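From a predicted model like this one, the values you see are computed outputs, not experimental measurements.
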Amino acid sequence: MIPIHIQIGDVKTLTVEDWEVIPDDRQQTVEIVGGVVVQDFGHISEGDKISCAVTMWAEDAAVLFAYWDNRTPVTVIDEAGRSCENMRVVVKSYSYLEGFKKYVKANIEFWRV
C-alpha cells in the first residue's frame, strides 16, 4: 500500500513538502507626520492560505488540474488528519519528475472560500 501524505478532494499525494499556513492578518503600520499608527482590520480566517509542494501520479495530477481549472472547492486532509472544507486549489507551477514521467511535482496553494 502506498502511503498517503495529504488528500485533496479525491487526489491522494505521494509526498508533501514545505506545508505552510499563511494567515490573512490585516494590520499594517501607517507613517504619519511625527510617528506611526497601526491600522488594524483583524485576522480574516477566510483569507488564510496554505502552500506546499506535492508529488502525485500523473493521473491524479489531471484530477487536481481539473479542480484548479474549474475552480472546484474541495476538502483537504493534512498529514495529521485535520480536514479543511471548501478549499480552492491554485496551481502555481508543476513539472514531471526527471526520468519519471508518470509522476508530477506541483507547487500549490489552497485558499479558503
Side-chain angles (χ1 to χ4, degrees):
M1 180 175 190
I2 297 172
I4 300 167
H5 286 274
I6 64 171
Q7 185 163 339
I8 307 162
D10 292 328
V11 174
K12 298 173 181 174
T13 68
L14 302 171
T15 67
V16 63
E17 300 170 22
D18 302 323
W19 183 269
E20 179 179 46
V21 178
I22 306 159
D24 185 354
D25 186 0
R26 298 190 184 185
Q27 65 178 332
Q28 64 184 16
T29 58
V30 180
E31 296 177 12
I32 60 171
V33 175
V36 175
V37 296
V38 174
Q39 183 176 15
D40 190 348
F41 295 105
H43 169 229
I44 310 300
S45 61
E46 292 83 8
D48 291 351
K49 296 177 185 176
I50 299 169
S51 69
C52 64
V54 296
T55 304
M56 64 202 130
W57 291 99
E59 297 84 18
D60 286 329
V63 174
L64 183 87
F65 296 160
Y67 295 152
W68 170 46
D69 282 335
N70 298 318
R71 308 307 200 231
T72 305
V74 296
T75 298
V76 177
I77 302 171
D78 70 12
E79 289 182 295
R82 290 184 295 257
S83 179
C84 297
E85 308 286 327
N86 294 318
M87 302 295 281
R88 180 176 281 196
V89 177
V90 180
V91 176
K92 296 302 205 174
S93 65
Y94 64 92
S95 63
Y96 291 107
L97 289 182
E98 190 173 331
F100 299 96
K101 303 301 183 200
K102 293 184 180 184
Y103 300 97
V104 173
K105 181 170 186 170
N107 294 302
I108 57 178
E109 286 184 350
F110 305 111
W111 297 355
R112 293 189 193 279
V113 291

Using modelled atom types only, decide if a donor and an acceptor are shared between the side chain of D78 and the backbone of A80 within a distance under 3.5 Å. yes
Count the heavy atoms belonging to other residues, nucleotides or ligands that lie under 6.0 Å from NZ of K102, then report whether that count exceeds 12. no
If you group Ile, Leu, Val, Met, Phe, Trp and Tyr by side-chain heavy-atom gaps below 4.5 Å, do L14 and I77 land in one group? no
Please walk me through it: do V54 and H5 pass side-chain contact (heavy atoms from CB on, under 4.5 Å)? CA-CA 9 Å; V54 296; H5 286 274; over 6 Å; no
For A66 and T72 the tightest heavy-atom approach is O-OG1, 4.3 Å
Between CG on residue N70 and CZ on residue R88, distance to nearest 0.5 Å: 11.0 Å
Side-chain heavy atoms under 4.5 angstrom apart, residues restricted to Ile, Leu, Val, Met, Phe, Trp, Tyr: same cluster for Y94 and Y96? yes
To the nearest 0.5 angstrom, please state how far the CZ atom of R112 sits from the NZ atom of K49. 13.0 Å
Do the non-hydrogen side-chain atoms of S45 and H43 ever get within less than 4.5 Å of each other? yes
I6/E79 under side-chain contact (heavy atoms from CB on, under 4.5 Å): CA gap, chis, key distance, verdict: CA-CA 5 Å; I6 64 171; E79 289 182 295; 4.0 Å; yes
Is it the case that more than 12 heavy atoms not belonging to W111 sit under 6.0 Å from its CH2 atom? no
Test side-chain contact (heavy atoms from CB on, under 4.5 Å), reference Y67, set V90, I108, V11, V91, output is V11
Identify the heavy atoms of A58 and K101 that sit nearest to each other, and give their distance. CB-O, 4.2 Å
Have a look at I50 and tell me which of E109, M87, E20 forms a side-chain contact (heavy atoms from CB on, under 4.5 Å) with it. M87
Neighbour count >12 (heavy atoms, 6.0 Å) for atom CG, D10: no
Are the side chains of I22 and S51 in touch, meaning some heavy atoms are under 4.5 Å apart? yes
With a 3.5 Å cut-off and no angle check, do the side chains of E85 and S83 form a donor-acceptor pair? yes
Under the 3.5 angstrom rule, does the side chain of Q7 hit a backbone N or O of G9 as a donor-acceptor pair? yes
Indicate if I44 and F110 have the same hydrophobic cluster label, given that clusters are the connected sets of ILVMFWY residues with side-chain heavy-atom separations under 4.5 angstrom. no
So, does D48 use its side chain to make a donor-acceptor pair with the main chain of D24 at under 3.5 Å? yes
